[in-house]
Asks: 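Take a look at this one; I'll ask things after.
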Number of protein chains: 2
Amino acid sequence: MAEAPARRQTRQRTAVAEALEAQGEFRSAQEIYDIVRQRGDSVGLTTVYRALQAMADDGQVDVIVRGDGEAVYRQCSPSHHHHLVCRSCRSTVEIDAPDVERWAADVASQHGFRDVTHTVEVFGVCARCAD
Amino acid sequence: MAEAPARRQTRQRTAVAEALEAQGEFRSAQEIYDIVRQRGDSVGLTTVYRALQAMADDGQVDVIVRGDGEAVYRQCSPSHHHHLVCRSCRSTVEIDAPDVERWAADVASQHGFRDVTHTVEVFGVCARCAD
DNA sequence: TTCGTATTGACAATCATATTCATTTAAGGC
DNA sequence: GCCTTAAATGAATATGATTGTCAATACGAA
């Protein structure tokens with residue numbers, strides 16, 4: 001859990017964080033905006049975007065940019081992990097990938113690369129949706 | 001190499017394909033548009049987008065959606081592979097990842113997922129840019 | 001309570017990308 | 001080569017996720 005800069009704790013940020021916490025799946029900013037409002041909080045859309053970005057910057061939220069370019073957010077566990085996401089219901093499983101970490105480091109090293117990062121996402125149809 | 005539907009061979013598509021072929025790096029549609037024009041071909045921006053999308057659909061071009069949501073395109077070898085991309089000069093190395101393929105399949109299977117796909121990209125600073 | 005300044009939110013702006021629709025053009029048949 | 005069909009084009013327009021603006025609000029330290 002990264003040490004966050006001194007951000008003010010506003011009711012809007014709390015509302016966004018709570019809305020996210022109540023979700024298990026990745027959600028877009030627009031969706032989160034809707035969820036916040038459904039829960040009875042009044043927060044501007046711009047503020048939702050900003051709250052999510054701040055949380056992402058602070059390492060409190062994971063962001064994936066989807067194939068269509070839209071960013072989706074999820075409150076995940078703090079440790080480094082990857083995602084197995086159902087294409088249908090979007091349920092998400094956090095997965096560790098020591099083999100992948102090792103592979104990425106090796107490959108990068110073989111080609112003389114430094115300061116290496118990687119993205120890994122796995123998509124499929126979950127057991128429940130496959131039925 | 002997927003069997004492409006019956007697409008017409010237009011001078012615009014040829015120009016876009018040749019522009020891409022001359023590049024080793026991932027390039028955005030806007031950049032490819034500029035390159036095409038620099039090479040003396042007159043092609044509309046919309047047409048560039050459409051040509052790239054058609055090529056991507058046909059499996060002739062790889063697409064990555066960048067962290068900022070923008071799509072970038074590259075003409076790659078036909079076989080399944082991943083990319084090691086320099087953050088600075090954007091030079092791109094195609095890499096095989098049998099370990100990752102295996103890991104992805106195992107992980108998905110463990111969680112009962114079917115019809116599994118994955119995305120894996122590795123970013124770093126290449127040897128030349130690190131100096 | 002006061003004050004400094006971070007934050008908000010409605011509106012406007014941005015920009016990659018997609019749609020529209022009249023026109024152009026590839027390609028197949030004769 | 002001509003004709004026909006329909007795929008493709010391209011300029012203008014539209015879309016929509018996201019970000020910027022700026023006056024107003026509100027957090028939190030003193």
Side-chain angles (χ1 to χ4, degrees), chain A residues 2-20 23 25-58 60-74 90, chain B residues 2-20 23 25-58 60-74 90:
Chain A
E3 193 58 38
R7 296 197 195 274
R8 295 188 180 183
Q9 189 59 43
T10 63
R11 68 166 184 83
Q12 292 86 348
R13 285 183 173 151
T14 300
V16 170
E18 286 176 356
L20 250 196
Q23 302 296 313
E25 299 83 44
F26 276 99
R27 297 289 182 196
S28 69
Q30 312 277 353
E31 286 174 317
I32 293 160
Y33 171 66
D34 290 339
I35 294 163
V36 165
R37 290 196 312 164
Q38 278 164 34
R39 292 167 60 100
D41 293 298
S42 170
V43 180
L45 176 58
T46 306
T47 302
V48 171
Y49 272 105
R50 279 189 292 222
L52 290 168
Q53 191 55 61
M55 286 192 275
D57 290 343
D58 298 346
Q60 293 165 355
V61 159
D62 278 12
V63 192
I64 293 183
V65 178
R66 281 191 328 211
D68 63 2
E70 187 166 19
V72 288
Y73 305 82
R74 183 175 182 272
R90 297 152 66 178
Chain B
E3 193 57 44
R7 296 197 194 278
R8 298 187 178 185
Q9 191 59 42
T10 63
R11 67 165 185 83
Q12 290 89 349
R13 284 182 172 153
T14 300
V16 171
E18 286 176 355
L20 251 194
Q23 302 297 312
E25 298 82 47
F26 276 98
R27 297 288 182 196
S28 68
Q30 312 277 352
E31 285 173 317
I32 294 161
Y33 171 66
D34 290 338
I35 295 163
V36 165
R37 290 195 312 163
Q38 277 165 34
R39 292 166 58 99
D41 293 299
S42 171
V43 180
L45 175 58
T46 305
T47 301
V48 172
Y49 273 105
R50 279 189 291 220
L52 290 168
Q53 190 55 60
M55 288 192 275
D57 290 345
D58 296 348
Q60 294 164 356
V61 159
D62 279 11
V63 193
I64 293 183
V65 178
R66 280 189 331 210
D68 63 0
E70 186 166 18
V72 288
Y73 305 81
R74 182 176 182 272
R90 298 150 67 177

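All figures in this text were calculated on a predicted structure; none of them were measured in a lab. Proteins come first, then strands; the chains are lettered A, B, ... in the order of their sequence lines, and each starts at number 1. Because only heavy atoms are used, hydrogens play no part in the values below, and waters and symmetry mates are left out as well, while side chains stay in.
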Asks: Can you tell me which nucleotide in C:dA27, C:dG9, D:dG10 comes closest to the side chain of B:R8?
Replies: C:dA27
Asks: Taking 4.0 Å as the cut-off, does a side-chain nitrogen or oxygen of B:T47 come that near to OP1 or OP2 on D:dG10?
Replies: yes
Asks: With a 3.5 Å distance limit and no angle check, can you tell me whether B:D68 reaches the backbone of B:E70 through a side-chain donor-acceptor pair?
Replies: yes
Asks: Would you check if B:V65 and A:R66 make a side-chain contact, meaning some heavy-atom pair closer than 4.5 Å?
Replies: no
Asks: Contact class for A:R11 (heavy atom, under 4.0 Å): base, sugar-phosphate, or nothing?
Replies: sugar-phosphate
Asks: Between protein and nucleotides 13-18 of chain C, map the contacts as a letter string: B base, S sugar-phosphate only, - none, heavy atoms under 4.0 Å, written 5' to 3'.
Replies: ---SB-
Asks: Between the side-chain atoms of A:R7 and the base atoms of C:dT7, is any donor-acceptor pair under 3.5 Å?
Replies: no
Asks: Do we see a donor-acceptor contact under 3.5 Å between the side chains of B:Q53 and B:D57?
Replies: yes
Asks: Is there a donor-acceptor pair closer than 3.5 Å between any side-chain N or O of A:R90 and the backbone N or O of A:F26?
Replies: yes
Asks: For the helix from C:dT1-D:dA30 to C:dC30-D:dG1, how many degrees between its two end axes (five pairs per end), to the nearest 10°?
Replies: 40°
Asks: Can you tell if the side chain of B:Y49 reaches within under 4.5 Å of the side chain of B:Q30, non-hydrogen atoms only?
Replies: yes
Asks: Rounded to whole Å, please give me the gap between CG in A:D58 and P in C:dA6.
Replies: 15 Å
Asks: Rounded to the nearest Å, what distance is computed from the CG atom of residue A:L52 to the P atom of nucleotide D:dT19?
Replies: 10 Å
Asks: Give a yes or no answer on whether the side chain of A:R11 reaches the backbone of A:S42 with a donor-acceptor pair at less than 3.5 Å.
Replies: yes
Asks: May I ask you to verify if any side-chain N or O of A:R13 is less than 4.0 angstrom from the OP1 or OP2 atom of C:dT7?
Replies: yes
Asks: May I ask you to decide if A:R8's main-chain N or O and A:R13's side chain share a donor-acceptor pair within less than 3.5 Å?
Replies: yes
Asks: OP1, OP2 of C:dT7 versus side-chain N and O of A:Q12: anything below 4.0 Å?
Replies: no
Asks: With a 4.5 Å limit on heavy-atom distance, are the side chains of A:R39 and A:V36 in contact?
Replies: no
